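I have placed the structure first, in the form of structure tokens, so that the comments after it can refer back to it.
Remember, it's 1-based here, ligands and their atoms both numbered in the order they're listed. Everything numeric in this text was worked out from a predicted model, so none of it was measured.
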Amino acid sequence: MRIDGQPTRTIAPLEDGRGVRIIDQTLLPHRLELRVLRSLEDAAEAISAMRVRGAPLIGATAAYGVALAMQEDASETHLEIACARLLATRPTAVNLPWALERMQRTLAPLAPTARREAAWQEAAAICEEDVALNAAIGRHGLTLIAALHRKQGQPVQVMTHCNAGWLATVDWGTALAPVYMAHDAGIPVHVWVSETRPRNQGAALTAWELARHGVPHAVIADNAAGHLMQRGDVDLVIVGADRVAANGDVANKIGTYLKALAARDNGVPFYVAVPGPSIDWRLDEGRAIPIEVRAPREVTHVTGVDAEDKLREVRLTPASSDALNPAFDVTPARLVTGLITERGVLVAQKAALRQAYPEAECP
Ligand SMILES: CSC[C@H]1O[C@H](OP(=O)(O)O)[C@H](O)[C@@H]1O
């Protein structure tokens with residue numbers, strides 16, 4: 001997407017071919033700072049610390065992490081060490097193991113002297129494919145928004161959760177790709193941006209993206225979502241996914257399940273935007289999806305800027321209070337109106353998924 005008119009991606013190789021540039025998303029929306037990754041450890045830390053986040057971007061960063069590792073040591077042992085290190089960073093997004101397995105399939109058969117260049121090429125290919133997949137999701141999702149606009153003739157009110165925009169991918173985003181395409185096509189859209197406690201990816205990242213692209217939006221407390229749906233202020237919900245099981249169950253940021261329940265109770269269509277690499281064909285249903293539990297401090301504290309625009313962290317809770325911080329939940333397929341994929345809008349059922357992805361290797 002564009003930042004101040006400049007086409008920008010969330011991740012890109014440096015021209016010297018020995019590093020990777022990312023946007024440090026932990027500083028948005030208050031600071032736009034680029035960060036250079038020059039080692040396997042730099043890439044692993046960037047994923048763990050959520051400087052990069054979002055299932056497709058986690059996969060892309062891990063792929064470049066393997067390329068950085070091959071610069072250090074192109075032995076098969078180090079390839080295995082690198083993949084294990086990166087796999088251990090975050091457990092829920094299936095794009096991470098998907099990307100690492102693809103890098104290993106590509107590199108393991110090669111002579112060590114060929115691995116470095118091949119790794120950079122494969123990581124770049126993963127990124128280019130992600131951009132194309134998300135653009136296709138955007139086109140398919142655009143048909144839904146355009147149909148709603150034709151039917152009602154008013155701005156289409158889209159609610160989203162967390163950040164599944166271009167910051168969560170290499171470019172375009174998944175849940176927000178249809179929104180950007182509708183906006184660029186002149187279809188009036190308005191986005192209800194759910195703040196998404198505790199990491200606030202909605203308030204901090206989605207709001208920043210939409211503002212930079214000029215898309216009308218309003219940030220809401222997560223707890224306001226059901227109220228807006230009851231009042232008829234939401235035409236559809238579109239969220240992202242970190243892992244979709246073979247039966248259509250969806251693991252996504254914590255709070256997604258509650259929005260799906262409210263949407264079902266109010267007759268609001270609930271769509272999940274998901275590219276093929278985010279589908280886990282090895283899991284029959286969502287309850288087997290590993291749910292990341294992050295540090296309690298993410299719940300008990302929050303970071304923002306003070307009146308002098310200085311970044312500060314403040315504690316929200318009594319110092320003696322503990323906190324539990326599950327980072328994802330699973331929305332059962334029965335609550336999903338449709339999966340917006342690069343191959344079309346699919347019913348969230350195993351048969352429909354298998355028909356759309358006949359090449360998928362299911363156990
Ligand atoms: C397009 S994947 C976006 C997905 O990833 C986010 O999680 P996190 O920010 O913790 O990586 C969230 O679940 C989004 O829906």
Side-chain angles (χ1 to χ4, degrees), residues 1 10-11 22-26 28 46-62 89-96 98-99 127 130-131 133-138 141 159-180 191 193-209 222 237-244 249-260 270-280 286 289-295 298-299 325-331 336 339-342:
M1 301 304 275
T10 52
I11 189 168
I22 63 169
I23 295 172
D24 184 346
Q25 297 189 28
T26 61
L28 290 174
I47 297 170
S48 297
M50 294 179 67
R51 299 185 196 280
V52 292
R53 28 62 54 197
L57 182 54
I58 290 171
T61 306
T89 52
R90 296 189 72 192
T92 303
V94 70
N95 304 59
L96 180 53
W98 171 86
C127 289
D130 180 60
V131 174
L133 292 175
N134 300 333
I137 287 171
M159 178 176 285
T160 191
H161 187 70
C162 197
N163 173 258
W166 71 271
L167 288 172
T169 68
V170 175
D171 205 345
W172 273 117
T174 56
L176 292 187
V179 170
Y180 288 127
V191 183
V193 177
S194 196
E195 60 179 349
T196 315
R197 284 273 301 149
R199 287 291 302 222
N200 297 314
Q201 290 97 322
L205 304 179
T206 296
W208 181 83
E209 282 194 33
D222 297 321
V237 179
I238 310 180
V239 300
D242 291 82
R243 190 183 303 222
V244 174
D249 290 345
V250 175
N252 196 52
K253 184 53 51 186
I254 193 79
T256 303
Y257 173 49
L258 291 177
K259 283 190 169 56
F270 182 89
Y271 287 96
V272 177
V274 55
S278 299
I279 301 172
D280 186 349
I289 298 173
I291 299 298
E292 179 182 24
V293 180
R294 294 185 65 87
E298 294 181 355
V299 176
N325 184 13
F328 298 95
D329 59 25
V330 176
T331 298
V336 177
L339 299 170
I340 308 172
T341 75
E342 70 279 8

Do Asn252 and ligand 1 have an N or O pair less than 3.5 Å apart? yes
May I ask you to list the atoms of ligand 1 that are less than 4.0 angstrom from any heavy atom of Met50? 9 (O), 10 (O)
For ligand 1, which part of Arg90 has a heavy atom less than 4.0 Å away: the side chain, the backbone, both, or neither? side chain
Ligand 1 atoms in contact with Phe328 (distance to a heavy atom under 4.0 Å): 7 (O), 10 (O), 13 (O)
Can you name the nearest heavy-atom pair linking Pro56 to Thr169, along with the distance? CG-CG2, 3.8 Å
Is a side-chain donor-acceptor pair under 3.5 Å present for Asp222 with Ser194? yes
Does any N/O atom on Gly54 come nearer than 3.5 Å to any N/O atom on ligand 1? yes
Going by the 4.0 angstrom heavy-atom rule, the piece of Arg199 near ligand 1 is neither
What atoms of ligand 1 come within less than 4.0 Å of a heavy atom belonging to Ala241? 2 (S)
Numbering as shown, the atoms of ligand 1 that approach Pro56 to under 4.0 Å (heavy-atom distance): 1 (C), 2 (S)
May I have the step-by-step check of side-chain contact (heavy atoms from CB on, under 4.5 Å) for Thr10 and Val52, ending in yes or no? CA-CA 8 Å; Thr10 52; Val52 292; over 6 Å; no
Can you confirm, on distance only, whether ligand 1 has an N/O atom lying under 3.5 Å from any N/O atom belonging to Thr174? no
Looking at Asp280 and Val94, would you say the former's side chain and the latter's main chain have a donor-acceptor pair under 3.5 Å? no
Hey, are the side chains of Val250 and Val336 touching, using non-hydrogen atoms and a 4.5 Å cut-off? yes
Quick look: Lys253 vs ligand 1, heavy-atom contacts under 4.0 Å, and the answer is both
So for Asn163 against ligand 1, with non-hydrogen atoms under 4.0 Å, the contacting part is backbone
Donor-acceptor contact present, side-chain Thr256 to main-chain His161, <3.5 Å: no
Between the side chains of Asn95 and Ser278, does any donor sit under 3.5 Å from an acceptor? yes
With respect to atom 5 (O) of ligand 1, which of Asp242, Leu176, Asn95, Leu57 exhibits the smallest heavy-atom separation? Asp242
Using a 4.0 Å heavy-atom threshold (strictly under), name the region of Ser278 that reaches ligand 1: side chain, backbone, both or neither. neither
Decide whether Arg53 and Gln25 meet the rule of one side-chain donor and one side-chain acceptor closer than 3.5 Å. yes
Which ligand 1 atoms, with their elements, are less than 4.0 angstrom from a heavy-atom of Ala55? 2 (S), 5 (O)
Heteroatom proximity flag, Gln201 to ligand 1, N/O under 3.5 Å: yes
Give the residue and atom name of whichever protein heavy atom lies nearest to atom 12 (C) of ligand 1, and the separation in Å to one decimal. Cys162 SG, 3.4 Å
Assess whether a salt bridge exists between Arg294 and Glu292, defined as any Lys/Arg side-chain N lying under 4.0 Å from an Asp/Glu carboxylate O. yes
Distance under 6.0 Å and angle within 45° of the ring axis: does Lys259 meet both against Phe270? no
